[in-house]
Amino acid sequence: MTPIITAFEHSPDRGKGLARDMRVRWALEEVGQPYDVRLLSFQAMKEPDHLARNPFGQIPTYEEGELVLFESGAIVFHLAERHAGLLPRPAHARARAIAWLFAALNTVEPPIMELSLARILERDAPWYEQRLPVVVARVQKRLDELCASLGDADWLDGAFSVADLMMVSVLLRLKPSGMLESYPSLAAYVARGEARPAYQRAFAAQWAVFQAGANAG
Ligand code: GTB
């Protein structure tokens with residue numbers, strides 16, 4: 001049975017691959033699982049049909065027969081558990097990979113999202129210039145810590161795993177800000193993730209959606 005994921009019909013990132021369906025596409029490509037995509041408008045995401053898949057009316061979701069999942073982390077974890085290749089077998093290494101998966105989502109992604117939202121939504125606020133350095137400093141703290149932990153290793157804990165897939169996905173959101181350039185080892189880590197054939201296939205698939213929308217006018 002071919003699983004179905006949901007994604008933006010017209011992604012606001014204009015094909016940059018920054019929306020959260022990208023991490024799910026990447027995981028599906030890493031494990032070699034073909035998938036279908038249901039594209040949704042912003043309006044369709046808030047209609048009962050989609051709210052039954054995700055109570056928050058967001059993408060991505062994942063349908064596999066009777067199983068319906070939301071939250072990109074839960075979907076990627078489900079794929080990593082079901083298929084070989086994204087989680088190490090030894091129990092301790094597996095538990096550590098899961099800890100890093102949570103760290104990407106709970107410790108590193110929130111300040112990055114806050115920065116991203118501040119830049120998009122708060123730019124015209126009178127306090128924007130005062131607040132921005134505080135938000136930037138929170139991101140820098142996490143990047144300093146991550147940099148120290150990664151050291152000169154290729155991946156977070158041994159071989160590439162679901163932890164790296166999620167951490168790279170989270171860090172990619174910083175690319176437009178140029179902040180990663182001050183962290184050469186993290187920039188190289190992200191580039192290693194982007195160079196993976198599975199990432200390339202996932203990126204091409206979401207880019208094709210953007211192109212089709214652009215060509216349709
Ligand atoms: N915690 C959830 C998860 O991980 O699945 C968060 C899901 C989420 O935020 N989904 C967003 C969404 O559906 C799309 S990815 N938003 C519509 C809504 O809430 O009504 C977030 C996103 C949006 C746009 C860009 N961009 O333009 O660069 C990047 C990321």
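Indexing begins at 1, ligand by ligand and atom by atom, following the structure's order.
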Nearest to atom 24 (C) of ligand 1, what protein heavy atom do you find, and at what distance? P12 CG, 3.9 Å
With under 30° as parallel and over 60° as perpendicular, where do the rings of F203 and W207 fit, or are they tilted in between? parallel
Below 3.5 angstrom, do we get any N/O pair linking E71 and ligand 1? yes
What verdict does the side chain to side chain contact (heavy atoms under 4.5 Å, CB included) test give for F70 and I59, after you've listed the backbone C-alpha separation in whole Å, the side-chain angles of each residue and the deciding distance to 0.1 Å? CA-CA 8 Å; F70 61 99; I59 61 99; over 6 Å; no
Please determine whether a side-chain nitrogen of the Lys or Arg among E29 and R25 lies less than 4.0 Å from a carboxylate oxygen of the Asp or Glu. no
Hey, is F56 one of the residues with a heavy atom under 4.0 angstrom from ligand 1? no
Selection residues 67-82 - residue pairs positive for side chain to side chain donor-acceptor pair (under 3.5 Å), sequence neighbours left out: R23-S72, E64-H78, E64-R82
Any chance you could lay out the side chain to side chain contact (heavy atoms under 4.5 Å, CB included) test for M166 and F102, step after step, and finish with the verdict? CA-CA 9 Å; M166 194 57 82; F102 275 83; over 6 Å; no
Would you call the rings of Y199 and W26 parallel, tilted or perpendicular, where under 30° means parallel and over 60° means perpendicular? perpendicular
Looking only at protein heavy atoms, what sits closest to atom 23 (C) of ligand 1 is F8 CE1, 4.0 Å
Distance from atom 8 (C) of ligand 1 to nearest protein heavy atom, with residue and atom: R20 NH1, 3.3 Å
Residue, atom and distance of the protein heavy atom nearest atom 27 (O) of ligand 1 read D13 N, 3.2 Å
Starting from atom 30 (C) of ligand 1, locate the nearest protein heavy atom and write down its residue, its atom name and how far away it is, to 0.1 Å. R173 NH1, 3.2 Å
For atom 5 (O) of ligand 1, what's the nearest protein heavy atom and its distance? S72 N, 2.8 Å
Considering only non-hydrogen protein atoms, determine which one is nearest to atom 10 (N) of ligand 1 and report residue, atom name and distance to 0.1 Å. I59 O, 2.8 Å
Option nearest atom 20 (O) of ligand 1 (shortest heavy-atom distance, choices Q58, K46, M45, R14): K46
With heavy atoms only and a cut-off of under 4.0 Å, state how F70 meets ligand 1: side chain, backbone, both or neither. neither
Once salt bridge (charged side-chain N to carboxylate O under 4.0 Å, His left out) is applied, do any residues pair with E114, and if so which ones, sequence neighbours excluded? R131, R138
